[in-house]
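Data block below; observations after.
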There are 6 protein chains.
Amino acid sequence: MLLHLCTWPEVEAYLNRSGGIILPIGSTEQHGPTGLIGTDAICAEAIAKGVGEAINGMVCPTINVGMALHHTAFPGTISLRPTTLIQLIRDYITCLAKAGFIKFFFINGHGGNIATLKAAFAETYAHLADLNIANASQVQCQVGNWFMCGSVYKLAKELYGNQEGSHATPSEVALTQYLYPEAIKQAPLADPVSAEHKIYGAADFRRRYPDGRMGSNPALATPEHGKQFYDLAVKELSNAYLEFLNADAKS
Amino acid sequence: MLLHLCTWPEVEAYLNRSGGIILPIGSTEQHGPTGLIGTDAICAEAIAKGVGEAINGMVCPTINVGMALHHTAFPGTISLRPTTLIQLIRDYITCLAKAGFIKFFFINGHGGNIATLKAAFAETYAHLADLNIANASQVQCQVGNWFMCGSVYKLAKELYGNQEGSHATPSEVALTQYLYPEAIKQAPLADPVSAEHKIYGAADFRRRYPDGRMGSNPALATPEHGKQFYDLAVKELSNAYLEFLNADAKS
Amino acid sequence: MLLHLCTWPEVEAYLNRSGGIILPIGSTEQHGPTGLIGTDAICAEAIAKGVGEAINGMVCPTINVGMALHHTAFPGTISLRPTTLIQLIRDYITCLAKAGFIKFFFINGHGGNIATLKAAFAETYAHLADLNIANASQVQCQVGNWFMCGSVYKLAKELYGNQEGSHATPSEVALTQYLYPEAIKQAPLADPVSAEHKIYGAADFRRRYPDGRMGSNPALATPEHGKQFYDLAVKELSNAYLEFLNADAKS
Amino acid sequence: MLLHLCTWPEVEAYLNRSGGIILPIGSTEQHGPTGLIGTDAICAEAIAKGVGEAINGMVCPTINVGMALHHTAFPGTISLRPTTLIQLIRDYITCLAKAGFIKFFFINGHGGNIATLKAAFAETYAHLADLNIANASQVQCQVGNWFMCGSVYKLAKELYGNQEGSHATPSEVALTQYLYPEAIKQAPLADPVSAEHKIYGAADFRRRYPDGRMGSNPALATPEHGKQFYDLAVKELSNAYLEFLNADAKS
Amino acid sequence: MLLHLCTWPEVEAYLNRSGGIILPIGSTEQHGPTGLIGTDAICAEAIAKGVGEAINGMVCPTINVGMALHHTAFPGTISLRPTTLIQLIRDYITCLAKAGFIKFFFINGHGGNIATLKAAFAETYAHLADLNIANASQVQCQVGNWFMCGSVYKLAKELYGNQEGSHATPSEVALTQYLYPEAIKQAPLADPVSAEHKIYGAADFRRRYPDGRMGSNPALATPEHGKQFYDLAVKELSNAYLEFLNADAKS
Amino acid sequence: MLLHLCTWPEVEAYLNRSGGIILPIGSTEQHGPTGLIGTDAICAEAIAKGVGEAINGMVCPTINVGMALHHTAFPGTISLRPTTLIQLIRDYITCLAKAGFIKFFFINGHGGNIATLKAAFAETYAHLADLNIANASQVQCQVGNWFMCGSVYKLAKELYGNQEGSHATPSEVALTQYLYPEAIKQAPLADPVSAEHKIYGAADFRRRYPDGRMGSNPALATPEHGKQFYDLAVKELSNAYLEFLNADAKS
């Protein structure tokens, strides 16, 4: 179920059977010469919808822009500051918790979001505890990073070895190729590309990774790979979500 | 051109020919017993894409959640506080202005966003003026509300008269029916419904408008009407965007 | 009754008969070569006092500085950022609501305040709902813009036609001449002056409207006109305030 | 010169001869059974205008509401939170400093403002240093508390001895009686009243000082005393302002 | 008792006999050519521990960095902005008040902290009043400035006369020499040094006080003096703390 | 070199040879029935001093209170909200970067700080880029978590196996026993204790981990173990710091 395609009475009915919601969060940031700027949001959204269908769960509209300040020296990148993203997450969860949701499962497409999400959860739990909400102390948030799923990681290693890299990776590019075959891009890729993992400020990032890739060779990606990644991620995150929902269920 | 389907070199190339960008902004809020929670975001996004295609302009990912605090007594509504939305808009525009964009055209699907957007623009202009950006003083923001287009308004009056109302209107419901025919909802609608226009806090709103509608009869909506609204809005906002781009062009 | 000339026991007594309060809000900003920098605050304050006398209502001290960032390229202008003004409004209303006030009627002298005020009201309603105040959900805010009163608008059109313009208008200048005849200023006025209505950042504003006026001819103003505007605005806003107080009175 | 009665070209001319400005700041808070809620703003404004006339200096519109959170358990009190007041002061000074003002002399009527004002000055100096303003490092702020003038203090001791107290004092009440003889209030005053000086939260304050006075006997006040206080404060603060303006003038 | 050397059950037991806690707060800022950058934190911490031992009170970990923006033109200085320090103090007190602490005694080593601390207390009282804490209205904060103790001040005058000055004073330097004899520094001291007391922004401060001292001659300091200051401050602040704890005890 | 025991000219001299600084950050939070509330700050501070001595680096005063909101249901815990900690880190780094520091090495004693630190670094890089600081784009921050050092982790596994747990661990308790043998605490420890790793809000945490431990048996700790951990952590983090300093040195 997609929240944006429901009516409010449908949400009310849903809350009678479940307190869980799936929130896709991505980023709008450069992904190298051939990767789509929306890669992280596209992947998170598609997988979240897949999970929602698989286990009949409610899926929130996608948070398209996340924490990508280190990519902002490349045109087209949009980023929230961490403090803005924390307030945004706090606002989302507060609204939904007041309505009765208690289990927030973020399906995340961008490594750079993880730290700020965790900070936001802590800030939000404390905020909710200060309000007069019946279920405040039951609210739980969890992040499921599709690219860190064991099955996804294993396949990426098999297919790409150390050319997977850590940004603008062939695995995420493959997934966008599967989802948007009409937007497969070609461009010459310099070789070799820096394979270090250090991230500081935006100007430093562009100096260090001149075309935006971090040790990756996205030319290896194919739409068929993308489908495989999609299936694996949906399956693994569906299980993770169900486990999250059922935890503490007896207590 | 959809920003999320571009690569950063494509954005760089785009900036050589245009400093304009179209930003759809909606809301995730109750729309009565039969309206979709995502109505405002769905409409803004579709029309923005239509405008982008019509005039070959860049379209930003949709801001799905806006300022809808007054709807938060209905489950499924998510709202940013105005101060959060102001920071979000500031972050979006700052990133894009640093990259070279100067004309920001927001295609808006929700009346409740307008005031906060205007406040955000003022806050952002002043913020940019304090940075060392070459084009800070050229940055201009404008809001195009599709539901306030003259042609849209005229058609709504013709089709629905005073049953158009002011929230969960047949015109916006029609547009979502055209875009998502698979998500047309049926539900009994109480009659008559309050036709006043007063909006205060969330609890007051629900007392005043018990099923979420404000003087509207969305049962009148049809997908065919939706297509008409879509075409009118895309045409009128395309012209508005071009006029905005070309203003001050000679000076 | 002027709040600043009351004692706290008098306020306590007032609250036994009314939960309403009138809050004048203006701006401290350039008003062209002959308009007073305090024009918007002066007008709002005088009319608010007039309304307070007419219907025996409590009048709050004037908020002299509002949202005028677009005028800050002219010396003498002082502006709050929108986020500051939102916090200020939140603080005012929270204090007064805890004391028992529930109907907040802002008499506003500056168009540039409207958007931020509306954003502030939304932010404040949500803030109050999170506190443990008995009357939180009854709090209502409304803006009465004296310059948008139907009777005022009509007279301005009759007297000045399209030389009324939209900033540093003869109508508001006339009102200050009536209130402060000792401060009537003379200066040569360039002709013609830009009559467009576009407002972006401060530097752009000064480029676009070099002497600060927006399409207006304040030389047409007279103190006698000012008295007429004053009487019309007090009468119309007194009625608006009473209507606001009495709305929902039966429910 | 009153800023609100000037035009912007007059301010521009003023800046050619002086970079100084006088900013009255008061409070809107309970002042016992007979003191006016606006006492602190009324006194600060009148004295600031007196100083402005005496030495031909520019006077800013009065900041009517300050930091009075500890008085908020009495109806009619309005307070900014310290963080809001800091932002407000930052906004005022930033606007004025960009226009060329460098010497900010606050004439203060409320002891509770002092700490927050000092914090605000520090915050503002650092903020200005981060902007690209030519005169940022020359900006100086100073607070002149009229009630702490040596001559005022001496007269208060002579007239009232230890019945001067520390809030709702006869000296400040006298000054308001001189300025607003039409608003002299009578009410029975309990005796004795607490003479301690401890201030914590609002509920504690009202428990500790049930009618709002702190060790004072405002029944001793007369309008004639008020005139004496006014004359002394204007004289002493005029000198203080001139000294402030001339300091560092040779360096 | 040092909080950081306690277990939580020990804190729980402590709260059964006392609601008081001592919070040392200093600064990390230049103290002239021979004074330690940590002087204010070192002094506050040592005295707070002494007081804690003397009266068996709980001592919080030291707040090492305070409000020292005016010293930031000298390398090694670290300062919080006032708004950051206010949030920090609010967070400390809120956590401790929820656990049951009600009497917060700050032992302060830096004059520049005082204003912001007072602002923070006001902000915090109001914040606590909005939460649902049983003891919110009993929370009280007080600042004990060791360098303003009567006995300390008297000794400093006796030993150093007007060479005590007001920053990088021989008394505070003496105290750090007593506590850290291994870190006694020697350096030539220019003579005479400015003895004025004006503090504005950081660049201005360094121009005005080129080596960081304000009218002081720290060469007069000895470790033996330091011991005397320590003993006096511990004794006087122990009494002040006990008085603070016992105040209102009967009511 | 300890910053708080230096003078500002010593810092100036240090900056001529190094742009690096070590910042210990801990937490003030419950560590089970026998662990010290200051455990994380104590460990971070001691190891940071050890590293500073080993490689002659500057060590900043310890940030004693970090992000521990999930522990706040136990008395004695103090936590900053993530947004407060982000501002604090931003203030620290901004001051030090303006003075010339560019390499910030945080030695961290608390897992709960990591996410917020990373968010703070991102926020700070972007903030610095907006200032006019020569070295803004060279500023780099890194976190060294002593408890995640390979050598430390290996020893803990050898000594404690799966009784190491993840909070109030024998390894960190051992380190505090080595550093503060006078503060070794004894208390009966329930067995078994929850060994899960889930962390949500504070009330949930206390329900889930009733005595504060997470799967650990701190009774296994000895001061001798503590010395071993200390030596390993100092050695490994000294190397890490040197590597961090030297990275990019050639470019």
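Here is the naming used below: chain letters follow the sequence lines, and residue numbers restart at 1 for every chain. Predicted model only: the values in this text are computed from it and were never measured. Note: hydrogens, waters and symmetry copies are ignored here, and every other heavy atom, side chains too, is used.
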Relative to chain C, which of D:Pro9, D:Gly100, D:Ala187, D:Cys6 shows the most heavy atom pairs under 4.5 Å?
D:Cys6

At what distance, to the nearest 0.5 angstrom, does CD1 of C:Ile78 lie from OG1 of D:Thr94?
11.0 Å

Least distance between heavy atoms, [X] atom then [Y] atom:
X	Y	answer
C:Ala99	D:Gly76	CB-N, 4.4 Å
D:Leu36	C:His4	CB-O, 3.3 Å
C:Glu12	D:Pro75	CB-CG, 4.0 Å
D:Thr7	C:Gly32	CB-O, 4.2 Å
D:Leu88	C:Thr84	N-CG2, 3.7 Å
D:Pro61	C:Asn64	CB-CB, 3.8 Å

Counting only non-hydrogen atoms closer than 4.5 Å, does [X] touch chain C with its backbone (N, CA, C, O), its side chain (CB onward), both, or neither?
X	value
D:Thr77	backbone
D:Ile21	neither
D:Leu5	both
D:Glu10	side chain
D:Lys98	neither
D:Tyr92	both
D:Ser79	both

If one checks every heavy atom of C:Leu3 against chain D at 4.5 Å, the contacting part turns out to be both

So which residue, [options], ends up with the most heavy-atom pairs under 4.5 Å with chain D?
options	value
C:Arg90, C:Lys185, C:Arg81	C:Arg81
C:Ala202, C:Gly26, C:Ala73, C:Gly38	C:Gly38
C:Leu15, C:Thr62, C:Leu85	C:Thr62
C:Gly212, C:Ala41, C:Pro33	C:Pro33

